2 protein chains.
Amino acid sequence: MPPIKVKSVQGAPAAPRQHKADAKAAAQPQAKPRALTRIQREKQDVILEAALEVFSMHGFRGATIDQIAEVAGMSKPNLLYYFPRKEEIHRRLMAALLETWLAPLQEMNADGDPFPEIRSYIRRKLEMARDFPRESRLFANEMLQGAPRIIEMIEVDLKNLVDEKAKVLLGWMDQGKLARTDPYHLIFSIWAMTQHYADFDVQVRAVLGPGRGGEGRFEDAARYLESLFLHGLTPRTNTKGS
Amino acid sequence: MPPIKVKSVQGAPAAPRQHKADAKAAAQPQAKPRALTRIQREKQDVILEAALEVFSMHGFRGATIDQIAEVAGMSKPNLLYYFPRKEEIHRRLMAALLETWLAPLQEMNADGDPFPEIRSYIRRKLEMARDFPRESRLFANEMLQGAPRIIEMIEVDLKNLVDEKAKVLLGWMDQGKLARTDPYHLIFSIWAMTQHYADFDVQVRAVLGPGRGGEGRFEDAARYLESLFLHGLTPRTNTKGS
DNA sequence: CTAACATTTTTCCAACTGGTCAAAATTCCG
DNA sequence: CGGAATTTTGACCAGTTGGAAAAATGTTAG
């Protein structure tokens, strides 16, 4: 599983509070947003990075602005200069996350063959669990709370995407290229297993122990999942494959 | 999947703060714990139930005593009469939870045949996801935070149990009754998929939509998982099984 | 260099947090 | 019933929380 390049969690700009710039020169019909400065871009990134760290561990309510500010290496009021409220930070994080999160599924291609496609989808998701565990936990935290801040995106964007890919899977089944099962639960199972290695990482490492819980665990997981999805657990005596 | 009976989350007693009973009659070498009264048992149950609700949604730090007290229908000081601190409530919840959580795996029997055993393990876990989603989320929340309060139980009790069951699986593989794969990741995959239906329930329901997201979703999941674990996704033209 | 703007710090606040305490209300039991 | 023990309440507290205001300091284009 070679290194992959996925942009870290970072979304569209949101200029810092325009101070009391609205009081003076009210002549302008719209306050011109005035492109972000270098410092703004940098600091916002630092803050989002710190917020990812904290939110992903403690959830929205369990995270405090002070803590995020400390991790970001700045004072709380300074942080609040860039993001006027806690919710705003979280929103930015979630918006960027969702894009990143859906990308692997989008890549699943109807013109390809099911097994290579599913195999590489699993690989990509597993790489994300390995390389972006905090993003994974941020997502999981939001889900555990009932997804209050992203429910409509789940119900619309995600649902549409899954519906579309479920049709692709059904198409493959009709062509006899894939066992006939529930395409939705098929997708869920891939999500579940790959998320697991990020979200329950402590447990995975503790159970595997120091010997097998090292970096190799993702390779082992990938191999296991491939064989599970390919043949299940039924023993095959004629083991002649590569 | 018929209804199952698993005791709700409730652990060993922990007598309420003995007031300032220690000041008077210091003659006694050990203060006799004095069995719990009816009210104590009842109220503690009510509190634990409320705490389960709140902790499972917001995690330890995100939950507040006031909120738990409100859900439990009592005042905060009254709640604190039964559990002197927040951590105590959480501990009780976790202790009871772990027992309940490990039970299904313990039941997996080396003398049985692998497929019926694995099949019913999956069923039991899925039933727990359906019937005790809050317990599942409580567990997930603790994991997401790095399991600070139960790490040693994970590293000892859980690890031992899994090591033992991994040997059972390996035994089956040696007998040619089960495909040769990684037994640890096999167990992880069952955990992952079944937890998913409790922890990511919002997502599952939203994606399945009102039509298929109803009660039947657990039956569908059970059927899908059975066929996945049995044969994987490879199409079988000679569909002659029952 | 300097005015205009961007950034940072200091100070402050009201609401909320986990938790205490004594007094009042209730329950229990002989 | 009556007294002892248990349970509940209301007032309170120190520390934390999200956030506001304004003053102080940097930065940069003209």
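Keep in mind that what you see is a predicted model, and the values were worked out from it rather than measured. Every chain is numbered from 1 and lettered A, B, ... according to where its sequence line falls, protein lines coming before strand lines.
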> Between atom CD in B:Q44 and atom P in D:dT6, what is the gap in whole Å?
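Those two atoms, CD and P, are 14 Å apart.
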> With sequence neighbours excluded, what pairs up with B:E53 under the salt bridge (charged side-chain N to carboxylate O under 4.0 Å, His left out) test?
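For B:E53, the residues satisfying salt bridge (charged side-chain N to carboxylate O under 4.0 Å, His left out) (neighbours in sequence not counted) are B:R134.
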> Looking at every strand, decide which applies to A:K76 at a 4.0 Å heavy-atom threshold: base, sugar-phosphate, or nothing.
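Counting heavy atoms under 4.0 Å across all strands, the contact made by A:K76 includes a base.
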> A:F200: what forms a ring-ring contact (aromatic ring centres under 6.0 Å, His included) with it, not counting sequence neighbours?
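A:F200: ring-ring contact (aromatic ring centres under 6.0 Å, His included) contacts with A:H196.
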> Please state whether the phosphate of D:dT8, meaning OP1 or OP2, lies under 4.0 angstrom from any side-chain nitrogen or oxygen of B:S75.
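It does not, given that no N or O in the side chain of B:S75 lies less than 4.0 Å from OP1 or OP2 of D:dT8.
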> For nucleotides 26-30 of chain C, tabulate all protein N/O to nucleotide N/O atom pairs closer than 3.5 Å, reporting atom names and distance.
{"residue": "C:dC28", "atom": "OP1", "partner": "B:R38", "partner atom": "NH2", "Å": "2.6"}

> Using 30° and 60° as the class boundaries, would you call the ring planes of B:F188 and A:Y197 parallel, tilted or perpendicular?
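Perpendicular: the ring planes of B:F188 and A:Y197 meet at over 60°.
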> Who passes side chain to side chain contact (heavy atoms under 4.5 Å, CB included) against A:R85, sequence neighbours left out?
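Once residues adjacent in sequence are excluded, the partners of A:R85 under the side chain to side chain contact (heavy atoms under 4.5 Å, CB included) criterion are A:E88.
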> Tell me, please, which residues at least two apart from B:K125 pass salt bridge (charged side-chain N to carboxylate O under 4.0 Å, His left out).
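By the salt bridge (charged side-chain N to carboxylate O under 4.0 Å, His left out) rule, B:K125 matches no residue at all.
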> List, one per line, each side-chain donor-acceptor pair under 3.5 Å for residues 69-79 of chain B, sequence neighbours excluded.
{"residue": "B:S75", "atom": "OG", "partner": "B:N78", "partner atom": "N", "Å": "3.3"}

> Is the phosphate of D:dT6 approached by B:Q40 (side-chain N or O, under 4.0 Å from OP1 or OP2)?
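Checking B:Q40 against D:dT6: no side-chain N or O falls below 4.0 Å of OP1 or OP2.
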> Hey, is CZ on A:R212 packed in by over 12 heavy atoms from elsewhere, all under 6.0 Å?
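For A:R212, atom CZ is crowded (more than 12 foreign heavy atoms under 6.0 Å).
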> Of the nucleotides C:dT20, C:dT8, D:dA20, which has the atom closest to the A:N78 side chain?
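Closest of the options to the side chain of A:N78: C:dT8.
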> Quick check on D:dT8: is either OP1 or OP2 less than 4.0 Å from any side-chain nitrogen or oxygen of B:Y81?
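No, no such contact exists.
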> Please give, in whole Å, the distance from D:dT6 C1' to B:Y82 OH?
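Value for this atom pair: 8 Å.
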> Tell me which residues in residues 58-71 of chain A lie within less than 4.0 Å of DNA chain D, going by non-hydrogen atoms.
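Within this stretch, A:A63, A:T64, A:I65, A:D66 sit under 4.0 Å of the strand.
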> D:dG19 phosphate, OP1 or OP2: any side-chain N/O from A:R85 under 4.0 angstrom?
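Yes, because at least one side-chain N or O of A:R85 sits under 4.0 Å from OP1 or OP2 of D:dG19.
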> Closest to the A:P77 side chain: D:dG19, C:dT10, C:dT20?
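The closest nucleotide is C:dT10.
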> B:D201: what forms a salt bridge (charged side-chain N to carboxylate O under 4.0 Å, His left out) with it, not counting sequence neighbours?
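So B:D201 forms a salt bridge (charged side-chain N to carboxylate O under 4.0 Å, His left out) with B:R205, B:R217.
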> My understanding is that only residues two or more places apart in sequence, or in another chain, count here; which of them pass ring-ring contact (aromatic ring centres under 6.0 Å, His included) with A:H58?
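Per chain and number, A:H58 pairs via ring-ring contact (aromatic ring centres under 6.0 Å, His included) with no residue.
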